[in-house]
Amino acid sequence: MEYNFSAIEKKWQQYWSENQVFKAQNNSEKPKYYVLDMFPYPSGAGLHVGHPLGYIASDIVSRFKRHKGFNVLHPMGYDSFGLPAEQYAIQTGQHPAITTKENIARYRQQMDKIGFSYDWSREVRTSNPDFYRWTQWIFLELFNSWYDKETNKAAPIAELITRFDNHGTEGTNAVCGEEMIFTPEEWAGYNEVRREEVLQNYRLAYRAESTVNWCPELGTVLANDEVKDGRSERGGYPVVQKKMMQWSMRISAYAQRLLEGLDAIDWPEPLKESQRNWIGRSEGASVHFEVKDSKEKIEVFTTRPDTIFGVSFMVLAPEHELVDRITTEVYRSSVEDYKVQAGRKTERDRMADVKTISGQFTGAYAIHPFTGKPIPVWIGDYVLASYGTGAVMSVPAHDSRDWAFAKHFGLPVPEVVAGGNIAMESYDAKEGKLINSEFLTGLEVKDAISKAIEEIEKKGIGKGKTNFRLRDAIFGRQRYWGEPIPVYYENGVPQTVKEEHLPLELPAVDAYLPTEDGEPPLARAATWAYHPEKGVVPASEGFPLETTTMPGWAGSSWYYLRYMDSENEKDFVGEGAEGYWKNVDLYIGGSEHATGHLLYSRFWHKFMFDRGWLSTREPFQKLINQGMILGTSAIAHRMKDNNTFISVALSKSEPTVPVHVDVNMVNASDELDVERFREWRDDLADAQFILEGDKFIVSREVEKMSKRWYNVVNPDDICTEYGADTLRMYEMFLGPLEQSKPWNTAGISGVYNFLKKMWRLYHSAGVFHVSDDQATKEELKSLHTLIKKVNEDIEQFSFNTSVSAFMICVNELGALKCTKREVLEPLAVLLSPFAPHIAEELWSLLKKGTTSISEVPFPVANEKYLVEDTFEYPVAFNGKMRFKEELSLSMGKEDIEKHILTLEKTVKYLEGKSPRKVIVVHGKIVNVVV
RNA sequence: GCCCUGGUGGUGGAAUUGGUAGACACGCGGGACUUAAAAUCCCGUGAGCAGCAAUGUUCGUGCGGGUUCAAGUCCCGCCUGGGGCACCA
């Protein structure tokens, strides 16, 4: 019997599914291991060969860990709320739920063909009400929590209210939007509306007027991580800054813990680094400057308090609230003009314009706190309203932006740190001695910083402070296809929907677009109001419900917890299940989620830990970023002015236009199937071809795999032609998991041949045949070398070298004509994580169809078969003698001298070391084990 | 500008972490089996030089230095591809 992969794969996929071989138990004597893939957004295009890369890797680990005796949780689901389904709905009127369901079915079909060992009984879909009722529940808990800086954790808001009742703000140190001070009496006197306003300042999910990234084309706001270079990540539309009342998440409360937590988890360094950058901790001081002839104070944040004597002007962001109050009459109109001009710029303009310096003097002066000298106050758009205090003390000598501003407007540049040439450029380095700085003069920068903070605090004009770049995350989206935010408004005051009314399901709407007056799509729903007793009711019978929905990252911020206990109707995850599975041991996915999903998940996880529902501090213990599989596009060259195509080698001298050709019409030798190409599109029917010999050759280019470039390779096609096992092994063989690499179907024959050889090892003349004879030393050495390698490789996620090791071993055993059961049994088990179908088939032949191979213990290498033959120490010196003789035959005199010198040094080195093992090749010592 | 990463044959990539660089695979060349094809198997394949040949030998891991008996691997200085952050005070 030949290797019939399609029959084998179908048979075992069915067996695994019918017998629920991979169903994980929530309690077990075995140690647990939780392996997770980043769940996909089910797009209409289906999977291409790049998508399963990480899934295959995680599947190998899952199967390996099962063999190793772990109780493995390996689930899969769908991140099924999202923009594409909604945009399709806008175009066609089809409900996104239908589109989503269809896409999921297709994804499932494609994944099933690859033979993953998922426990599908735990599948989750973020757009499923059974799931998002818990997303809404978590939202309510965030709404009902505040962050206590004293205990450094989140706590129920009721606790804060009690404090306000008894002590006002006295003695409470909470994370908040703006500092508030009031007495219990004042609090008692606040009405309902005012009280809620105050509480919004503390809630972890809150509504606030804030500057948001508004994308007019998409008609929605976007979070910072959804904006790249001033354009929307999805669609690439321009994004402008706009002030809006918005739901936000107070992630900034967790900035320090999110930063510190990185040290305790095993993630790739670049990923940690981007999170560190994103959180952007900087230490310095906040200082306030009095404004001359006014009661106002300008508060600034600086990382360089040591340079305070170098301040020669101050700059406020144009939006800064003090601007209007301190601007003098003479400058009022110029300042107004400047504010309008700055406000018109989009985020993108502003970034593109980094080199253009602009600003406007306000006419006001601040007073230097130590020298008492007046300092002119300017406004300028290089100062951001949203960072620090929206104001800076400018030290042009030691900050390049301040320097450029000063030069542009002819402001003085007093030097306070020695070491630079400030006439040419600012000296930003944090080294050198302070000069012209009274009590700081003579100190090193580092010491000057702490001394300056000390003096600032002593004088009561500021204090040491740590700032974070991390902003609160905008949480509301003006979209339809997302989780409704479970809040309604009573006299404009947000109230939470009762837990018994969850899930708050998406209402039917007549269209998925915003309303004429710019309200989100949910405002179209006829039945979208709330009655605290009855739940959702028609508009006339209740209070208006919130019309924005949650962002895409809401569901994905906690889905990994739901897998632990996906059918629990009483809780988002049961205590027992959580206590057993704890957190994800291995998470595999793309690095593009570094500052989105992976940061938000950590935030929610820590929040839930604070509230006592989770026992771990981090969601994902180890994380691996799989690289992207790129497409290898095929490009035909068309003559510039007519419909004639010219083979690539001949095209160099001609003016041509590149045309992307469907890669499926090109063979492994880059030869184009001309007939198919003509039939491909109507405009190509009469195309002419200039051939090289009798062939038309295309050029190749590596690009992202995309429909647009006709370079998409479908895993289904590979499975049909070569089988899932070949696909799996080839994807691993392609290169290191973490690296991006181009797909090249031509190379797949190597892996396919390997599997056929593997199959033939167990068969002779087409019939299954193994012998019970004792294996030879050579056979065992080959096997155990492989066992050792595979065990090590899987632990280190070095799957590509494992595949090579399999090829070597099977080639060796083939050459030895090994048919021994003693060797072939462990070999099948070794292969099982990589190519599970063929391994199961061989195992069932070996064991006459008993249990699944996944229950068999993984082989462990026996070192005694791995001992190498070595030269002993004295032999090495015989080698040396031979070397000397040979030298004289063909070398020049100088070369001989050089080599003998090296050799003598080596010999000298070895004296007294009494090496255990010395390998010598042609007189040259190549390996020494001392 | 700051911070992470990588740079090895025609190609994808190996290299026990300082010990025979180029494993394994693709591609290419040659051969066996076959009427032929497919399939399968075997041999060769970094560059240069010497030789009919077996073989020998020099050079060779982005560039230039250094440490070491020994460097793709460690150190210093550059060049360069990819990624993150960025008027963040």
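All figures in this text were calculated on a predicted structure; none of them were measured in a lab. Only this structure's heavy atoms are used, side chains among them; waters, hydrogens and symmetry mates stay out. Lettering of chains follows the sequences in order, A, B, ..., and the numbering in each one begins at 1.
When rounded to the nearest whole Å, the span between CZ of F754(A) and P of C41(B) equals 13 Å. Between the CZ atom of F799(A) and the C1' atom of G13(B) there is a distance of 17 Å, given to the nearest Å. One can place CZ of F405(A) at 11 Å from C1' of C87(B), the figure rounded to the nearest angstrom. Following rounding to the nearest Å, L734(A) (CG) and G12(B) (P) show an atom-to-atom distance of 11 Å. The nearest whole Å value for the distance from the OH atom in Y427(A) to the P atom in G1(B) is 18 Å. Rounded to an integer number of Å, the gap from E592(A) CD to G84(B) P is 10 Å.
Looking at E299(A) and K297(A), no side-chain N of the basic residue comes within less than 4.0 Å of a carboxylate O on the acidic one, giving no salt bridge. Taking a cutoff of 4.0 Å between a charged side-chain nitrogen and a carboxylate oxygen, K407(A) and E425(A) do not qualify as a salt bridge.
Within the nucleic acid shown, N800(A) comes within 4.0 Å of sugar-phosphate atoms alone, with no base atom in reach, counting heavy atoms only. Here Q739(A) lies in heavy-atom contact (under 4.0 Å) with sugar-phosphate atoms only. Residue R471(A) is in base contact, counting any heavy-atom pair closer than 4.0 Å across all strands shown.
Put simply, the side chain of M729(A) reaches to within 4.5 Å of the side chain of L755(A), judged on heavy atoms. Using a 4.5 Å heavy-atom cutoff, the side chains of D402(A) and Y382(A) are in contact.
For Y382(A), the listed nucleotide lying nearest its side chain is C87(B); candidates were C85(B), G12(B), C87(B). Among A89(B), A86(B), A25(B), the nucleotide with an atom closest to any side-chain atom of F733(A) is A25(B). When each of A89(B), C85(B), A14(B) is scored by its nearest atom to the side-chain atoms of N277(A), the top-ranked nucleotide is C85(B). Comparing C3(B), C87(B), A14(B) by their closest approach to the side chain of P736(A) singles out A14(B). Of the candidate nucleotides U5(B), A23(B), G13(B), A23(B) has the atom lying nearest to any side-chain atom of S804(A). Of the candidates C85(B), A89(B), C3(B), A89(B) carries the atom nearest the D399(A) side chain, counting heavy atoms from C-beta on. Each of C4(B), G13(B), A89(B) was ranked by its minimum atom distance to the side chain of S282(A); first place goes to A89(B). When the nucleotides C26(B), A89(B), C87(B) are ranked by their closest atom to the side chain of S749(A), C26(B) comes out on top. Taking the side chain of T801(A) as heavy atoms from C-beta on, and the options A89(B), C24(B), A14(B), the nearest nucleotide is A14(B).
For U45(B) and U11(B), the C1' atoms lie 14 Å apart once the distance is rounded to whole Å. Taking atom P on both nucleotides, C3(B) is separated from C78(B) by 13 Å, rounded to a whole Å. Taking the C1' atoms as reference points, A14(B) lies 10 Å from A21(B), given to the whole Å.
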Discussion item. Please determine whether salt bridge (charged side-chain N to carboxylate O under 4.0 Å, His left out) holds for the pair R276(A) and E269(A), giving the CA-CA distance in whole Å, both sets of side-chain angles, and the decisive distance to 0.1 Å.
Written reply: CA-CA 10 Å; R276(A) 288 192 191 108; E269(A) 197 47 45; 3.1 Å; yes
Would you list the protein and nucleotides 37-40 of chain B atom pairs, both N or O, that sit under 3.5 Å from each other?
from   : atom 1 : to      : atom 2 : distance (Å)
U40(B) : OP1    : N753(A) : OD1    : 2.9
U40(B) : OP1    : K756(A) : NZ     : 2.9
U40(B) : O3'    : R760(A) : NH2    : 3.2

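Proximity of residues 805-819 of chain A to RNA chain B (heavy atom under 4.0 angstrom from any strand atom) is restricted to M807(A), I808(A), N811(A).
Cation-pi geometry between R602(A) and W278(A) is not met: the NZ or CZ atom fails to fall both under 6.0 Å from the ring centre and inside 45° of the normal.
Between the CG atom of L816(A) and the NZ atom of K781(A) there is a distance of 11.5 Å, given to the nearest 0.5 Å.
Between R276(A) and C85(B) there is no side-chain polar atom (N or O) within less than 4.0 angstrom of OP1 or OP2.
Taking the six-membered ring for Trp and the full ring otherwise, F405(A) and F313(A) have centroids separated by under 6.0 Å.
Nucleotide G81(B) is matched to U5(B) when pairs are restricted to Watson-Crick or G-U wobble geometry with both distances under 3.5 angstrom.
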Pairs of donor and acceptor atoms involving the side chains of residues 803-815 of chain A, under 3.5 Å and at least two apart or interchain, shall be tabulated with distances.
from    : atom 1 : to      : atom 2 : distance (Å)
N811(A) : OD1    : K757(A) : NZ     : 3.0
N811(A) : ND2    : M807(A) : O      : 3.3
E812(A) : OE1    : S782(A) : OG     : 2.5

